[in-house]
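To start, the structure under review is shown below, and the notes come after it.
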Amino acid sequence: MLAGELGEKYGTQHEYYNLRTPADAIKLLCVNYPQLQKDLVTAHENGIGYKLIQSGAAMGYDELHLPFGSKPMMLVPVISGSGRATGQILLGVGLVAASFLFPGAGLFGASAFGAFGGPIAAAGTLTAVGTALSAVGASMILGGVANLISPQPELPKLGNNRFDNGTNVRGTGAQGVTRGADGQQSYGFSGPANTVGTGATVPVIYGEVITGGHLMAVDLQVTDDSDRLAKTIVPPDVSRTTINGERLKRVFNSAAGLDTKRLRPEYKIRTTDNDRRISINQGFGPGLEKTLEEGRSISNDDLKYKKGENKRKKIDVIFKIEGGLFDRISGAGSTEIPGFISYEVKLVLERPGEQNFTGASAGVTVQGLFHSNETLVYGHRFEVPRAGKTDELRLRVEIVDAETVNRTKLTIIGYGYDLI
């Protein structure tokens, strides 16, 4: 019996006599209806699998060559979506392959081996070999088809970068009212759960399914600013600023694995010495070298390693934010919300005669709500690999994302040893 669309196209009932196995029934149907075979082979491209049911029980591939039962057998189309075939949902191409290619010795029987090989000692031995090869071939075909239906994505690789035990930190992303993506990639969809974040898979649902929501984007528009509940969503305060979700402090604390410390607003690098420290004073924002936009970057002079030491070095990178840090929930005059700047810091190791590589790296998100009458100065501490006397470090800072008022400035004061 053929159910659903198969029954409508080829008839719901088909009677055959002296069937030995369910595979024989599938094979006879395909011989009598060549188009049916084509439909079965290509059904997975439309997300359709099948259930083969007899006596109320669903069969698997390994049961297609068992003796045919006394009850009618039913082939039922099942919409399987983009997931891998699970349970007893069978692939149409697998049904055809199991019926035509792998029936015991099948195409690998005595006649086939007689055509390609030499004399055969024993038919029993040949049948055993043919059956084994059939099973291997079946698993390869069915496994390959499953991968075609649901290819599993791979996370991006680092290429030629290597860290050699240096700092390698990925920030947690902005945690605010209008931006909540954490930047982590997720390809999972299992049951009623919210899946959010950059790179998340968008599920396609067929039929009736109990599932959670999937947040795609949020856009808030305030239609009437004349009756606001508050000017700001939280009180403006530079001391509430966070780095990778952790409150900045006057002592070192870990911000998602990156040692960070808040410094005095008047902090300056007073001397420049390539053996110890380099003053940069370049940055992003109005009146500075680059705008505060995604993809903008600054790369600066090389810092030499301390001479006479043969252990990991601690490099401090100092930043300053001025001009205020906040955003608005809508247009000018609407409620103020925390703004944020996400950037990536890389310390590139340059060795004479060798290819440069990243010695330390960190993704950072600074977020808070304070006005232009306050200035924030803070520093990150990095660990870099062992080095020789001729090695040098080059600092690179790149903006990843930003949501803040257009007068915000992010300045790189400098970097070097023992700056904090």
Taking every non-hydrogen atom, the tightest pair across Gly414 and Ile269
CA-CD1, 3.6 Å

OG of Ser299 to CD of Gln282, rounded to nearest 0.5 Å, is 9.5 Å

Provide the closest heavy-atom pair for Arg262 versus Leu248 in the form atom of the first, atom of the second, distance.
N-CD2, 4.0 Å

Is there side-chain contact between Leu419 and Ile413, with heavy atoms separated by less than 4.5 Å?
no

State the OG-OH distance between Ser297 and Tyr343, to the nearest 0.5 angstrom.
15.0 Å

Using only atom types and a distance under 3.5 Å, with no angle test, would you say the side chain of Gln37 pairs donor to acceptor with the backbone of Pro34?
no

Are any of the side-chain heavy atoms of Leu325 and Leu376 separated by less than 4.5 Å?
no

Sub-4.5 Å side-chain heavy-atom contact between Thr411 and Phe319:
no

Can you find a pair of side-chain heavy atoms, one from Leu52 and one from Ile26, that are under 4.5 Å apart?
yes

More than 12 non-hydrogen atoms from neighbouring residues, nucleotides or ligands closer than 6.0 Å to CG on Asn373, yes or no?
yes

Locate the shortest heavy-atom distance separating Phe382 from Ala362; write the atom from each residue and the value.
CE2-CB, 3.5 Å

Distance check, rounded to the nearest 0.5 Å: Phe252 atom CZ versus His380 atom NE2?
10.5 Å

Are side-chain heavy atoms of Leu395 and Ile280 found at a separation under 4.5 Å?
yes

I'd like to know if Lys314 pairs up with Asp259 as an ion pair, taking the criterion as any Lys NZ or Arg NE/NH1/NH2 lying under 4.0 Å from an Asp or Glu carboxylate oxygen.
no

When rounded to the nearest 0.5 angstrom, what is the spacing between CD1 in Ile337 and CD in Gln367?
9.0 Å

If we only count heavy atoms from C-beta on, is the Tyr10 to Gln35 side-chain gap below 4.5 Å?
yes

Measure across Pro338 and Leu369 and return the closest heavy-atom pair with its distance rounded to 0.1 Å.
N-CD1, 3.8 Å

What distance do Tyr61 atom OH and Leu95 atom CG have between them, rounded to the nearest 0.5 Å?
6.0 Å

Does a side-chain heavy-atom distance below 4.5 Å link Ile399 with Leu410?
yes

May I ask you to test the Phe340-Asp401 pair for a side-chain heavy-atom distance under 4.5 Å?
yes

Rounded at 0.5 Å granularity, tell me how far CE in Met74 sits from OG in Ser55.
11.5 Å

Glu293, CD atom: more than 12 neighbouring heavy atoms under 6.0 Å:
yes

Starting from the C-alpha separation in whole Å, work towards a yes-or-no answer on side-chain contact (heavy atoms from CB on, under 4.5 Å) for Asp39 and Tyr33.
CA-CA 10 Å; Asp39 289 348; Tyr33 303 95; over 6 Å; no

Minimum-distance pair of heavy atoms, taken over all atoms of Phe68 and Ala25:
CE1-CB, 4.1 Å

Taking His44 for the side chain and Val41 for the main chain, is one N or O donor matched with an acceptor at less than 3.5 Å?
yes

Atom CD of Glu289: over 12 foreign heavy atoms under 6.0 Å
yes

Side-chain donor/acceptor of Glu398 to backbone N/O of Arg296, under 3.5 Å
no

Closest non-hydrogen contact found for Gly363 with Asn244 is O-ND2, 3.3 Å

Is there a donor-acceptor pair under 3.5 Å between the side chain of Arg381 and the backbone N or O of Ile315?
no

Any donor-acceptor pair under 3.5 Å from Asn46 side chain to Ile48 backbone:
no

Donor-acceptor pair, Glu246 side chain versus Ala256 backbone, under 3.5 Å?
no

Within the distance-only criterion (no hydrogens, no angle test), does the side chain of Ser239 pair as donor or acceptor with the backbone N or O of Asp237 below 3.5 angstrom?
no

Among Ile278, Val397, Ile318, find the residue that satisfies the side chain to side chain contact (heavy atoms under 4.5 Å, CB included) test when tested with Tyr415.
Ile278

Within a reach of under 6.0 Å around CZ of Arg264, are more than 12 heavy atoms found that belong to other residues, nucleotides or ligands?
no

With a 6.0 Å cut-off (strictly less than), is the heavy-atom count around NZ of Lys9, excluding the residue itself, greater than 12?
yes

